[in-house]
Amino acid sequence: MPACLIAVAVPVPSLGRLSYRVPPELPRPAVGARVTVPLGARQVTGIVLAVEVPDEGHALKDVVAVLDSEAFLPPDVVALALWVADYYLAGPGAALSVAVPPHGLTGRTDAFKTARRVAITPAGLDLLAADEAGAQALVPGGRRMSDVQRLTLRAATSVPDGVSLAELDARGGARSAVARLRTAGLLSVRTVRVERDPFVDGRHMAVVAAVEGRRLTDEQAAAFETLSALVDAQRFAPVLLHGVTGSGKTELYLRLAERTRSAGRQALVLVPEIALTPQVAALFRSRFGDRVAIQHSALAEGERHDQWHRIQSGEVDVIVGTRSAVFAPCARLGLLIVDEEHDSSYKQDETPRYHGRDVAVVRARAAGAVVILGSATPALETYANARAGRYQLVRLARRVLDRPLADVRLVNMRDAMAEAGGEVIVSDPLREALQLRLERREQAMILLNRRGYAAAMLCRQCGHSLECPQCSVSLAIHRRRSGPGADSADRRHWTARCHYCNYSRGVPSTCPQCAAPYLEHVGIGTDRVEAELRAQFPEIRLARVDRDTVRRRGSLVRLLERFARRELDVLVGTQMIAKGHDFPDVTLVGVISADVGLGLADFRAAERTFQLLTQVAGRAGRGERRGEAIIQTLYPTHYSITLARTHDYETFYEKEAAYRHAMRYPPQVAMINVVVKGRSYDEAMQGAHVLAAAVRSDASNTLIVMGPAPAPLARLRGDYRAQFFLKGTHRTAMGQAVRRALEVHPDVARRATLDVDPLTML
Ligand code: ADP
Ligand code: ZN
């Protein structure tokens, strides 16, 4: 066979696609197969992007080895990753790295976990039978069978697949006897692959409601009819399922997945938060048994690896996972569901900065599948697409069984503080409402979207605040110990920590700038709320849910389980508690400050606030008892707060869309953000100027360049940062202009990060 030329992506972010020659003695690889190729003095494993690429006339290096006889990554996943690379202005290697399972490119073949299983052989069985009949049973060396050997043979009997060594011991045998008996042909030992099962936690989730056999409400039934017709048609169809909180969207997802499965196709369900995957996966598991796989980054590497290979082998019908599961290697996709599609965790905040929801729509189009974007508070982009007719709109306007949405009360914190003559964390109305819940033995959730004890330390004399030496932010204050009985007032037990780079230091008693003894903590965080509630309600059974308390794998699931089992009265937490959870006994939701996100110079601040408040209020009153939400705020007339109070998405959309239109912000225009790093302020600014000028001079374009200017986070981990934005209506042309600018200035390109469709400007 003549040599063939192939294009390969290697896991080196800065490299594009590379061409190699497959020498005639090697098999011709498939698209998606892994190959070992020379790269400089090294050899690396890459993925084949295309075969039979045109000869460009220059000498190419030879592929060293072809590792797979067929595709390792399905060709449509390769194509999807290349689309991501192209759209989000990343290299193909970076885009493919999110689609490849752990160890996929390390060349390690021992990534599967194996175990030995011991079984008795026919010869062993004969010998045991003879022994039990009273005959002289001889084993190797012509000796009589010992008691240990007899017990070991028995322990390995009557289990068709054999027993593990641990089971052998437990059944009265001894693993120390195995080697001899095996040599004598009385036992056989096999090595089998064991699957690491991530469901051990999820299986015990008490929150799985008994749902079998219940009837859909009229509204659910109408929505199901529309959606199942789309699933049956087996064509690309993008749908926005706009359903208020508690309207029973999950039940529809389950039934549509069943419909998809019975047509021989697969369903992929994306959820925003790792904490939600065990809950949702457990629901699907209770319906689909073990034909469900799970994919998210908090799985142990081995579990993730095994789940990936189960999906690839076609053994599963339903895949539940977070953002990166959109690249799951399933070949028969018929349905994609993006639950809570507005959630910002679908956007990856490192290269490639893709949006899982948007990639899901692209994947559905390629697969001829239905994609359902579900939310009570759709992203502005999504709702605009539905209005424009690009997405079909299906609504669920009421909660199941006509349960009312929570009553939302606003507490004006300016008044509360004026009255109290100082800082107020829990206002009177919220405290009384909580007291009532504790008396009635109902549950409550208290939200504050900032972790730690205090936001910063500030000197009352000179105004200096403790700052991170690496980043341009104040250090947040954390207590070394929290929970019941912790002493909060003693600042010797505090640390000051950077939430960006994790730098930490002790808290000094005097100001490092002016030496005055007036350093005070300002701004509250979840840990302070916990301390305050414990002080006011000494008997309270409370747990805090934020990144500080749930760092360990599985700890969040365990906390949520305890809450579901009613071993806890109150959860205090960040936005982690606002999403998707369904706890029927929660009748009160408190928001300590609705204003945390509002002050940010970010065009999405109002949208985020509206979504967070609507979602968290939606956690209350999902069972038989009516729910109430109490929102503390300094801005009780801000539209994102008043409209969340009345659960009025439509009006919010109108107002917000008008503002974006007037200011020329997305979704009115497309936006690309370019950040350039430097070792000094000047280096960063100069680099940004050079790139911005190159983009501006790109005559082919009708785009606006804003900036450059220092980034809002002007220093991060020691680097200075400058940024500029492109705005325009032709995203492809904008992307090309950026690419050309980077090609002309490769030295600056190395220091630049690109964000297409940025979610924040920070
Ligand atoms: P959403 O995802 O829209 O917020 P869920 O799917 O979590 O809402 O449903 C809210 C609650 O109503 C859940 O406890 C769910 O089990 C229950 N539920 C859903 N559909 C029905 C139904 N047809 N009859 C009774 N209860 C239902
Ligand atoms: Zn820092």
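Counting starts at 1 for both ligands and their atoms, following the listed order.
- Distance check for H499 against the Zn ion (ligand 2): none of its N/O/S atoms falls below 2.8 Å.
- Side-chain contact annotation: N449 with T574, donor-acceptor N/O pair under 3.5 Å absent.
- Residue L401 has no N or O atom closer than 3.5 Å to an N or O atom of ligand 1.
- T495 and H478 share no donor-acceptor pair across their side chains, judged by distance under 3.5 Å alone.
- Counting atoms of ligand 1 from 1 in the listed order, those under 4.0 Å from a heavy atom of T245 are 4 (O).
- Put simply, no part of G243 is less than 4.0 Å from ligand 1, judged by heavy atoms.
- Shown in contact with R215 at under 4.0 Å from a heavy atom are these atoms of ligand 1, numbered in order with element: 22 (C), 23 (N), 24 (N).
- Close approach of ligand 1 to T217 is summarised as follows: ligand atoms under 4.0 Å from at least one heavy atom of the residue are 23 (N).
- Distance check: L241 CG to Y253 OH gives 5.0 Å after rounding to the nearest 0.5 Å.
- Residue-level proximity to ligand 1 for L216 is carried by the backbone, the only part with a heavy atom below 4.0 angstrom.
- Dense packing is recorded around CZ of R626, with more than 12 heavy atoms of other residues, nucleotides or ligands lying under 6.0 Å away.
- Atom-to-atom distance recorded for T549:OG1 and R544:CZ is 5.5 Å, nearest 0.5 angstrom.
- Close contacts between ligand 1 and T250 involve ligand atoms 2 (O), 5 (P), 6 (O), 7 (O) [criterion: under 4.0 Å to a heavy atom].
- Here the options are R399, R619, R622, K249, the test is salt bridge (charged side-chain N to carboxylate O under 4.0 Å, His left out), and the partner is D582; only R622 passes.
- Between G248 and ligand 1, at least one N/O pair is under 3.5 Å apart.
- Close approach to K249 involves these atoms of ligand 1, each under 4.0 Å from a residue heavy atom: 1 (P), 2 (O), 3 (O), 4 (O), 6 (O), 8 (O).
- The angle C468:SG - the Zn ion (ligand 2) - C471:SG amounts to 110°, with values rounded to 10 degrees.
- Here the CG atom belonging to L227 is positioned 4.5 Å from the CD1 atom belonging to I372, to the nearest 0.5 angstrom.
- Relative to the ring axis of Y453, R528 places its NZ or CZ within 45° and under 6.0 Å from the centre.
- Between R403 and ligand 1, no pair of N/O atoms sits closer than 3.5 Å.
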